[in-house]
Each structure stands twice: as structure tokens, then as C-alpha cells.
Amino acid sequence: MDVVKNHRKQLAEYLTNKQKQTTVRSQETAVLPRVRTTRVPTSRKTAVKTNTGRLKTATIYDLPNEIVLKIFGYLSIGELLSVAQVCHLWHQLSSDNLLWKPLLQACVPSQAVSQQLGDLKSSNLKSSFMQRCIELRNKRVLRLLKKKNPYTGVIHCKDVENAFKFAGISWQIVMTDTSGNEHCLQNQDISYHLMSVSVRWFSLQMIPVNNVKKISLYSCNPLFHDSKTGKVVSNGPYQRSLLYSMDQKLSSTLDKLKPVGSDENLKVFALEDGIIIGVWKEGGEIAFIAIASGLPGLVKKCIMGTATKMYQSPKEKRSACLPESTYGLYGYSCTIQLRTMKQEIWDQQFNNVECPNSNIRNGIAQFHLMKETDRQILIKEIAFPWKTDAFKSKIKDVCCLDALLTDNEGKVVWNCSSAVTVKKEGSRKFTFDMDFDYCREQSRCIEYSDQKGQIFIQIDKVHVHDEDKTYITHIALSVLMEMLPTQGHDIPSSGV
């Protein structure tokens, strides 16, 4: 019994002492003063002590700059440019020459690197690196465009395709809504033709026409390529080049235009610069956006423009005085193609095209490319296939027109790429002085006009051997005289 009493006494004393210790600790904690911690420069400490001796949790901003630079050294080019946007400190550290020296050596040939390195303390290697990569990219791309297609006289479409693939060029369309929000879409389809490139966007993420305040079209050009393989650096940054911009509300623009074609589902409109927009009849939303862009100067527009300004090729100087003569213009060539967004329907080249003085009036030169006796048969149906992510169909009597006029030196005088419609011949807007009367009830025509030129194509159905066949029977072209070279041609002074 004495043993049990002793155990009970010891247990009671232990519990009493434990309760007193807990009470004292809680009282000490309650009266502790509030301590304000201060930021210590990262170059001195990686953690901060309070007055009570406790350590505050350290963050990445408490690391020494040397450690941060070591971490940044494992990042890719794209990641390095991303962290530069976090804060001023990271922007400064991510621009350190020690980080960009190995990147410069990986993306720029060794001979060019030695010229760029110089004094690491006084030069901005990041800026030099990016500028040098842009210069090398443009030089390599333009080097692929030296060969011309003997048929058209301009850069071969295969060379343009190779240049686009080598540079990694993609297309981006940006739609700004009425609230100022931007909707960016990458191209979903691209095809190369004899004289043009077709690009399409047909995502279901399109917004209603009434909500589109601005449309901008860009080419996206990767900045960095591997110096050994020449391939585009994955996940790297890209440079945007402005190709087209419409700063007014889309609904207002379409209200002023007549559709080039329609079916039971949608209407198709042709805007300037080869822009094609399909709009659903029900709901008024955009079904697809496409562009037909001519090959002359296209690659330079894609790689040498900026995000805010389109690239403008330098204008050639032309003689102010025109020599008097009794002949006119001669030695021109014109290539014309009718096509869809993927396949050709018809194409023909006309050589040794002439324009006599009688066809030069009011500063406009008229070329008659085809006469009735030179008719061309149309084997394929003129139609415009379209598709979205969910639907597809085709619109009859609508196609894309590509036209290219060159002088006797092979220089491009005028070119166009646009969606056009086949309509009744009697409804044409432009009058050409034809040397014959060829109007029938079934005659149809294709007309296109811009600020520099216009083209007229007459199409007729002819009954041959109990069968109706479709022929192109006449083509006429008008171009402003200011577009034509003045040296090496005989142009009357009265024509201007």
C-alpha cells in the first residue's frame, strides 16, 4: 500500500509542475514585443533573423546574384527572355553578357562570334546577339530566292516555300473586339501557287462581325537558328511583321461591299490586299478568313517589316520626260491564273504583248491579251471550296485571280491576287475598246480593279458537236502609265 501511495504522490507532483511550466510559457509569449523585420540586400545574406533569434523564410530574391545567374544559365533563350519581364532585377541579371556569350556561340557562326564578343564589360551582348541573328536569318532566307521561274519571270513558288520553311515563318491574325481585347489565331492552312501564296484561318473561335473593331495580319518570324543545323531554335522568340491592317469596324466595311459569292450557309467578301472573309448568314459570325498574297516581294515583307509598320520596297526612279514615237509599248508579258485556295483551274501566259498609241488614253495603257480567234477552253468548273473545323462546301462562280504583268526586262509592272466572281457580261463596270463585237446572252465575265490597274476576262459557252463547252474568249488589261517603265520603250508624249 505504501508503494501505491508513493506512485500517486509522484504522479500528482509531475502533473502540477507540467501545468505550471505551460502557464509560464503562454504568459511569456503573450507579452513578447512585435518585431518589424527589414529587407537585407541579397548580396549580404540569404535569410533574415528577428530580435528573438528566429529565422524568416528565405525567397529566391534573397539569393546572391551569382547564384541567380547560375540558375539562369540553365534556361533556354525563350525562357531567358520570359524571366526578363518578371522584375527590374531579373531583367538586369538576364541581360548579363555571361549568359548570352554561349548562346551567341551556339546560334552564330564562330567567325562572326569573334567579331561580336569584344569587351564583355562595355558591350551589350544581348542586343548585339539578337541583331546579328536577324541579319544572318535574312541573309540566308534571301539567298534562297535567287532563281526565277522561267515561265512567270518571278521567284519560283518552290523557292518561296523553301524560304518560308527554313525561316519557320507562320502567319497570325489578330482581331481586336470593341472592348479592346485581342484574339490571336495562328494560320491553320497554307498553300503555294504559281504566283501567290494562300493562307487560311477557319477555327471555331472566330468572333461575331459586329464585335470586330480592328483586324491586323502579321507574319511571325523566329529570331534564332542553330548555327550548325540551320534549324529554328525550339520555343524561341519570334519577330512580328505587319502585312495588313484595317482600323475600322468590320461590319461597317462589309456593309459597303457586295459579296463576291454566297451559298445557303454563308457569304464571301473580298477586301483589299487579297483578304477574303466568309460570314455565316445565321448569327453573323466569321466562318473563315483567308488571304491570297502575290509572290513578288512577299518574303521581304514578311522578314523585313516591323510590328507597327509594313515593309515598303524602295521605288525605282523613272524618267520624267517620255520620248515621242509612233509605236507605243511592246515586249510585255502577262501571266494569268484562275484557282481555288488549293488547286489551279486555268492559267496562261501571253508573250510579246503590245499596246499601240491608240490604246494609251488619259494616262492609262490598255493591253488586249486575247482575241476571239485565240479562245482558251476551261476544263474545270469555276468554284470556291471553303471549310471550317465543322463544315465544308463550295460556292459556284467564285475563284481566286492571280495576274502578273512584266516588261521586256522582266521587271514586275503590276500584279494582283484576289477573290473574284463570274457574273453576266452585261453588268460589267469597266469599258474596254474592243476591236470586235462579241456579246451574247450567255456571255459572262470576271472583273477586277484596284488603284493601279484593272483586268477583264470574258467567258462564253460554245455549242460544239452537240456539247456545250466553256471558253475564255477575250482578256483585256489596263494599267496606269505611271506604273510602266519609261526607258527602252516608245511612248507618245500625248499619252500622259
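In this structure, L266 and D263 approach most closely via the heavy-atom pair N-OD1, 2.8 Å. Across all their heavy atoms, H193 and T340 have their closest contact at CE1-O, 3.9 Å. When all heavy atoms of A292 and R339 are compared, the pair lying nearest together is CB-NH2, 3.4 Å. Contact between D460 and Q458 at its shortest, heavy atoms only, is OD2-NE2, 3.1 Å. Minimum heavy-atom separation, I276 to C400: CD1-SG, 4.0 Å. Across all non-hydrogen atoms, the minimal contact from A419 to A270 is O-CB, 3.7 Å.
Proximity of a side-chain donor or acceptor of D273 to a complementary backbone N or O of I275 within less than 3.5 Å is not detected. Side-chain atoms of S241 come within 3.5 Å of backbone N or O of G305 as a donor-acceptor pair. Checked by atom type and distance alone, the side chain of N362 never pairs as donor or acceptor with a backbone atom of I364 at under 3.5 Å. Without hydrogens or angle criteria, D159 side chain to L145 main chain gives no donor-acceptor distance under 3.5 Å. Listed for the W201 side chain is a donor-acceptor partner under 3.5 Å among the backbone atoms of L185. In terms of modelled atom types and a separation under 3.5 Å, the side chain of H91 and the main chain of Q85 share no donor-acceptor contact. Looking at R137, its side chain does come within 3.5 Å of a backbone N or O of P222 through a donor-acceptor pair. No donor-acceptor distance shorter than 3.5 angstrom exists from the side chain of K213 to the backbone of G180, with no hydrogens or angles considered. The main-chain N or O of F202 is found under 3.5 Å from a side-chain atom of Q188 such that the two form a donor-acceptor pair. No side-chain donor-acceptor contact under 3.5 Å links N210 to the backbone of G284.
Exactly one of C416, S417, P296 qualifies for a side-chain contact (heavy atoms from CB on, under 4.5 Å) with S196. That residue is S417.
K387 NZ to S393 OG: the interatomic distance, rounded to the nearest 0.5 Å, is 13.5 Å. Of the inter-residue distances, the one linking S219 atom OG with N187 atom CG reads 10.5 Å to the nearest 0.5 angstrom. Distance check, rounded to the nearest 0.5 Å: CD1 of I336 to CE of M370 gives 8.0 Å. The distance from atom CD1 of I277 to atom CG of L271, rounded to the nearest 0.5 Å, is 5.0 Å. Once rounded to the nearest 0.5 Å, the distance linking CG of L257 with OG of S252 reads 11.0 Å. With rounding to the nearest 0.5 Å, the separation of NZ in K214 from CE in M175 is 14.0 Å.
Contact annotation: the side chain of I291 never approaches that of Y244 to less than 4.5 Å [non-hydrogen atoms, C-beta and beyond]. Under the 4.5 Å side-chain criterion, counting only non-hydrogen atoms from C-beta, I169 is not in contact with Y238. Put simply, the side chain of R200 does not reach to within 4.5 Å of the side chain of F288, judged on heavy atoms. Using a 4.5 Å heavy-atom threshold, the side chains of M310 and L242 count as touching. Side-chain atoms of Q454 and E447, non-hydrogen and from C-beta on, never get closer than 4.5 Å to each other. Using a 4.5 Å heavy-atom threshold, the side chains of E344 and Q337 count as touching. Side-chain contact between S203 and D389 is present, with at least one heavy-atom pair separated by less than 4.5 Å. Contact annotation: the side chain of V420 never approaches that of V260 to less than 4.5 Å [non-hydrogen atoms, C-beta and beyond].
Side-chain atoms of D189 and S191 include no donor-acceptor pair closer than 3.5 Å.
Ring orientation note: the planes of Y192 and F164 are nearly perpendicular, at an angle over 60° on the 30°/60° scale. Classified by interplanar angle (parallel below 30°, tilted 30° to 60°, perpendicular above 60°), the ring pair W280/F391 is perpendicular.
Within a 6.0 Å radius of NZ in K380, more than 12 heavy atoms belonging to other residues, nucleotides or ligands are found. Counting non-hydrogen atoms of neighbouring residues, nucleotides and ligands closer than 6.0 angstrom, the NZ atom of K342 exceeds 12 such neighbours. The environment of K158 atom NZ is sparse: at most 12 non-hydrogen atoms of other residues, nucleotides or ligands sit within 6.0 angstrom. Counting heavy-atom neighbours within 6.0 Å of E381 CD, excluding the residue itself, gives a total above 12.
For the pair K139 and E135, the salt-bridge criterion is not met [side-chain N within less than 4.0 Å of a carboxylate O].
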Where do V141 and F166 land on the side chain to side chain contact (heavy atoms under 4.5 Å, CB included) test, with the steps shown first?
CA-CA 7 Å; V141 171; F166 170 81; 3.9 Å; yes
Report the C-alpha distance between L144 and V299 in whole Å, list the side-chain angles of each, state the deciding distance to 0.1 Å, and finish with yes or no for side chain to side chain contact (heavy atoms under 4.5 Å, CB included).
CA-CA 10 Å; L144 299 173; V299 177; over 6 Å; no
Quick one: do H368 and H474 satisfy side chain to side chain contact (heavy atoms under 4.5 Å, CB included)? Show the steps, please.
CA-CA 8 Å; H368 293 282; H474 184 79; 3.3 Å; yes
Please step through side chain to side chain contact (heavy atoms under 4.5 Å, CB included) for the pair I457 and L401, ending with a clear verdict.
CA-CA 10 Å; I457 302 175; L401 167 68; 4.1 Å; yes
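For the side chain to side chain contact (heavy atoms under 4.5 Å, CB included) test, residues two or more places apart in sequence or in another chain that qualify with V422 are I382, D397, R444, I446, I459. The side chain to side chain contact (heavy atoms under 4.5 Å, CB included) test applied to T152 returns N149, V154, L194, M195, T335, L404, not counting sequence neighbours.
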